[in-house]
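Here is the structure we will look at.
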Amino acid sequence: MTLEIVSPETSLFSGQVNSVTLPGVDGSFQILNHHAPIVSILKAGVIKIGADSFTFSKEAAPKFTKVDEKNYTLAIHSGTIEMNDNKVIVLVD
């Protein structure tokens with residue numbers, strides 16, 4: 001599935017991923033390929049991204065923390081997520 005993470009300043013990430021775990025206001029939840037459409041509000045926490053490979057812009061790279069070769073995390077203050085047609089768009093603050 002395609003994941004896009006966008007902040008007010010810039011696009012932080014855009015690429016193909018296997019999974020994304022998000023800090024929802026009612027608890028963390030994970031989205032996998034072909035998940036049902038969803039819109040949700042995010043609270044402060046960590047987004048966990050699982051993918052076979054990662055490419056970050058020079059500006060965005062310092063914001064991500066490498067867990068291992070196939071997993072990175074991104075700390076956020078709040079945000080909104082929409083999943084539709086196997087594309088996840090995350091607006092973060």
Side-chain angles (χ1 to χ4, degrees):
M1 72 185 152
T2 302
L3 171 65
E4 288 187 30
I5 303 176
V6 181
S7 75
E9 297 83 29
T10 188
S11 175
L12 297 173
F13 178 82
S14 182
Q16 294 296 310
V17 300
N18 300 321
S19 67
V20 60
T21 304
L22 303 141
V25 292
D26 292 327
S28 290
F29 61 97
Q30 185 178 51
I31 295 178
L32 301 171
N33 254 343
H34 305 291
H35 192 284
I38 184 174
V39 174
S40 183
I41 298 170
L42 305 175
K43 66 177 182 178
V46 175
I47 297 175
K48 298 173 187 170
I49 306 163
D52 293 329
S53 65
F54 292 88
T55 304
F56 301 108
S57 68
K58 289 180 184 178
E59 303 84 38
K63 297 178 185 284
F64 290 86
T65 303
K66 183 177 183 177
V67 176
D68 57 39
E69 291 302 316
K70 295 191 175 195
N71 295 282
Y72 275 80
T73 62
L74 171 68
I76 64 168
H77 297 289
S78 64
T80 305
I81 178 266
E82 177 186 11
M83 166 66 164
N84 196 17
D85 293 330
N86 216 36
K87 183 174 184 179
V88 182
I89 300 173
V90 184
L91 307 175
V92 298
D93 205 13

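Values below: all heavy atoms of this structure, side chains included; hydrogens, waters and symmetry mates excluded.
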Could you go through Ile47 and Val92, starting from their C-alpha distance and side-chain angles, then the distance that decides it, and tell me whether this counts as side-chain contact (heavy atoms from CB on, under 4.5 Å)? CA-CA 10 Å; Ile47 297 175; Val92 298; 3.9 Å; yes
Would one find more than 12 heavy atoms of other residues, nucleotides or ligands at under 6.0 Å from atom CG of Asp68? yes
Quick check for you: to the nearest 0.5 Å, what is the distance between Ile41 atom CD1 and Leu91 atom CG? 12.0 Å
Can you name the nearest heavy-atom pair linking Phe29 to Gly24, along with the distance? CE2-CA, 3.7 Å
Within this structure, what is the OG-NZ distance for the pair Ser19 and Lys70, rounded to the nearest 0.5 Å? 11.0 Å
Say you draw a straight line from CG of Asp52 to CD of Glu69; how long is it, rounded to the nearest 0.5 Å? 11.5 Å
Can you tell me how far the CG atom of Asp93 sits from the OG1 atom of Thr80, to the nearest 0.5 Å? 9.0 Å
Are any of the side-chain heavy atoms of Pro23 and Val46 separated by less than 4.5 Å? no
For Asn71 against Gly50, the heavy-atom pair lying closest together: OD1-CA, 3.5 Å
Would you name the heavy atoms of Leu32 and Met83 that are closest together and state the gap between them? O-CE, 4.1 Å
Starting at CG of Leu42, measure out to OG of Ser78 and round the result to the nearest 0.5 Å. 8.0 Å
Side chains of Glu4 and Val88: does their closest heavy-atom pair fall under 4.5 Å? no
Within the 4.5 Å heavy-atom criterion, are Met1 and Ile31 side-chain neighbours or not? yes
Should Phe56 and Tyr72 count as side-chain neighbours, where that means a heavy-atom distance under 4.5 Å? yes
Say whether Asn86 and Asn33, considering side chains only, have a donor N or O and an acceptor N or O under 3.5 Å apart. yes
Looking at side-chain heavy atoms only, is the closest gap between Ile76 and Val90 below 4.5 Å? no
Phe54 and Phe64, any side-chain heavy atoms less than 4.5 Å apart: no
Nearest-0.5 Å distance that lies between atom CG in Leu3 and atom CD1 in Ile89: 9.5 Å
With side-chain contact (heavy atoms from CB on, under 4.5 Å) as the test, would you mind laying out the steps for Gln16 and Thr2 before giving the verdict? CA-CA 5 Å; Gln16 294 296 310; Thr2 302; 2.7 Å; yes
Would you check if Leu74 and Lys63 make a side-chain contact, meaning some heavy-atom pair closer than 4.5 Å? yes
Any Ile38 side-chain heavy atom under 4.5 Å of Glu82 side chain: no
